[in-house]
Amino acid sequence: MQRAGVIPLELVAKESGLSVMQGILDGRLPGATIARALNFWLSKVEEGVIAFTGAPNEDHLNPLGTVHGGWAATVMDSALACAVMTTLAPGEGYTTVEFKLNLTRPILPGMGDLVCEGKVVHRGKTIATSEAYLRDAGGKLLAHGTETCAIFPIAKLMR
């Protein structure tokens with residue numbers, strides 16, 4: 001599990017998004033704290049491609065005993081958005097504008113490691129779109145989704 005925390009925006013402003021994401025994978029920079037709570041971690045970084053691996057457990061269940069859809073949505077949003085982040089130049093910021101998720105099978109505790117891979121579909125000057133697929137160890141599709149992100153000067157995020 002990678003360490004978790006918040007990366008200073010001043011540092012993010014000086015590096016490319018690909019460099020920041022590689023820094024998280026390598027342990028130079030912390031990953032998101034929510035990943036620790038939901039038991040998922042960054043497992044692949046390339047320009048335009050990201051993967052997170054996670055193992056939902058009994059802490060992530062809904063009242064019927066299946067993994068809450070919010071677990072899948074969080075992992076998917078992370079892969080979808082971070083794929084876009086790998087395309088950012090120094091000084092660029094981004095945020096999710098909208099995302100859509102389709103759950104195709106129940107996710108159960110004890111399924112082992114699940115992998116969510118996100119890929120950039122389109123990268124424009126101010127808008128980027130991505131797609132992601134969440135699969136079990138045997139490759140069965142558990143969920144798929146798309147996302148739109150806005151891209152802007154990172155100074156707009158700084159306080």
Side-chain angles (χ1 to χ4, degrees), residues 1-7 12 17-27 29-88 92-124 126-152 157:
M1 180 67 77
Q2 289 136 354
R3 67 187 173 104
V6 177
I7 303 169
V12 177
L18 181 60
S19 175
V20 170
M21 294 309 302
Q22 190 64 51
I24 294 169
L25 182 65
D26 295 344
L29 298 172
T33 56
I34 196 164
R36 180 179 53 210
L38 295 182
N39 199 33
F40 70 93
W41 53 93
L42 186 62
S43 54
K44 177 181 178 181
V45 175
E46 297 173 7
E47 186 170 356
V49 180
I50 286 286
F52 284 94
T53 301
N57 59 47
E58 290 76 18
D59 292 333
H60 309 122
L61 302 181
N62 64 30
L64 297 179
T66 61
V67 174
H68 191 284
W71 186 91
T74 302
V75 174
M76 299 273 303
D77 180 38
S78 298
L80 289 158
C82 289
V84 170
M85 185 168 178
T86 66
T87 70
L88 299 181
E92 287 184 316
Y94 77 109
T95 193
T96 300
V97 174
E98 68 85 30
F99 76 103
K100 180 175 185 328
L101 168 69
N102 292 285
L103 300 165
T104 59
R105 286 189 167 79
I107 300 173
L108 304 171
M111 288 181 89
D113 288 350
L114 309 179
V115 177
C116 183
E117 185 173 86
K119 294 182 181 182
V120 172
V121 174
H122 168 78
R123 171 51 156 95
T126 59
I127 296 290
T129 58
S130 55
E131 63 185 8
Y133 301 88
L134 178 65
R135 299 180 188 277
D136 70 11
K140 275 190 184 169
L141 184 66
L142 303 172
H144 60 94
T146 58
E147 184 157 297
T148 302
C149 292
I151 300 165
F152 46 79
L157 293 176

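Values in this document were obtained by computation on a predicted structure and should not be read as measured data. For the numbers below, each heavy atom of this structure counts, side chains included, while hydrogens, waters and symmetry mates do not. Along the sequence shown, residues are numbered consecutively beginning with 1.
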- [ ] Rounded to the nearest 0.5 Å, what's the gap from CE on Met85 to CG on Leu18? Could you check?
- [x] 10.0 Å
Task: Sequence neighbours excluded - side-chain hydrogen bond (donor to acceptor under 3.5 Å, both in side chains) pairs with any residue from residues 68-81 - done: Asp77-Thr96
TODO: Would you indicate whether the side-chain heavy atoms of Leu142 and Leu103 approach each other to under 4.5 Å?
DONE: no
Task: Derivation and outcome, side chain to side chain contact (heavy atoms under 4.5 Å, CB included), residues Lys119 and Val49 - done: CA-CA 5 Å; Lys119 294 182 181 182; Val49 180; 4.1 Å; yes
Open item on the list: Tell me the closest heavy-atom pair linking Gly27 and Arg3, and the distance in Å.
Closed with: O-NE, 3.3 Å
- [ ] Flag the pair Cys116 / Phe40 as yes when at least one side-chain heavy-atom distance between them is below 4.5 Å, and no otherwise.
- [x] no
TODO: Heavy atoms only: give me the nearest Leu80-Gly145 pair and the separation to one decimal.
DONE: CD2-O, 3.8 Å
- [ ] Report the C-alpha distance between Leu38 and Val75 in whole Å, list the side-chain angles of each, state the deciding distance to 0.1 Å, and finish with yes or no for side chain to side chain contact (heavy atoms under 4.5 Å, CB included).
- [x] CA-CA 9 Å; Leu38 295 182; Val75 174; 5.7 Å; no
- [ ] Please confirm whether the backbone N or O of Gly48 pairs with a side-chain atom of Thr86, one donor and one acceptor, at under 3.5 Å?
- [x] yes
Task: Minimal non-hydrogen separation, Gly69 against Leu101, with atom names - done: O-CD2, 4.3 Å
Open item on the list: For the CD1 atom on Ile127, are there more than 12 heavy atoms of other groups (residues, nucleotides or ligands in this structure) within a distance under 6.0 Å?
Closed with: yes
TODO: Considering non-hydrogen atoms only, spot the tightest contact between Lys44 and Leu25 and give its length.
DONE: N-CD1, 4.3 Å
Task: Closest approach of Ala4 to Pro30 (non-hydrogen atoms, all atoms of both residues) - done: C-CB, 3.6 Å
Open item on the list: Would you say Ser130 and Glu147 are linked by a side-chain donor-acceptor pair, where the criterion is simply a distance under 3.5 Å?
Closed with: no
Open item on the list: The criterion is side chain to side chain contact (heavy atoms under 4.5 Å, CB included); which residues satisfy it with Glu131, sequence neighbours excluded?
Closed with: Val121, Tyr133, Thr146
TODO: Please round to the nearest 0.5 Å and tell me the distance separating atom NE2 of His144 and atom CE of Met76.
DONE: 8.0 Å
Task: Rounded distance (nearest 0.5 Å) linking atom CG of Asn39 with atom OG1 of Thr53 - done: 11.0 Å
Open item on the list: Working to the nearest 0.5 angstrom, can you tell me the gap between Phe152 CZ and Leu88 CG?
Closed with: 9.0 Å
Task: side-chain hydrogen bond (donor to acceptor under 3.5 Å, both in side chains) contacts in which one or both residues fall within residues 103-113, not counting sequence neighbours - done: none
Open item on the list: Measuring from atom CD1 of Ile107 to atom CG of Leu61, what distance do you get when rounded to the nearest 0.5 angstrom?
Closed with: 11.5 Å
Open item on the list: Minimum heavy-atom separation for Pro56 and Gly112, please, with both atom names.
Closed with: CD-O, 4.4 Å
Task: Distance (rounded to the nearest 0.5 Å) between Ile151 CD1 and Glu92 CD - done: 6.0 Å
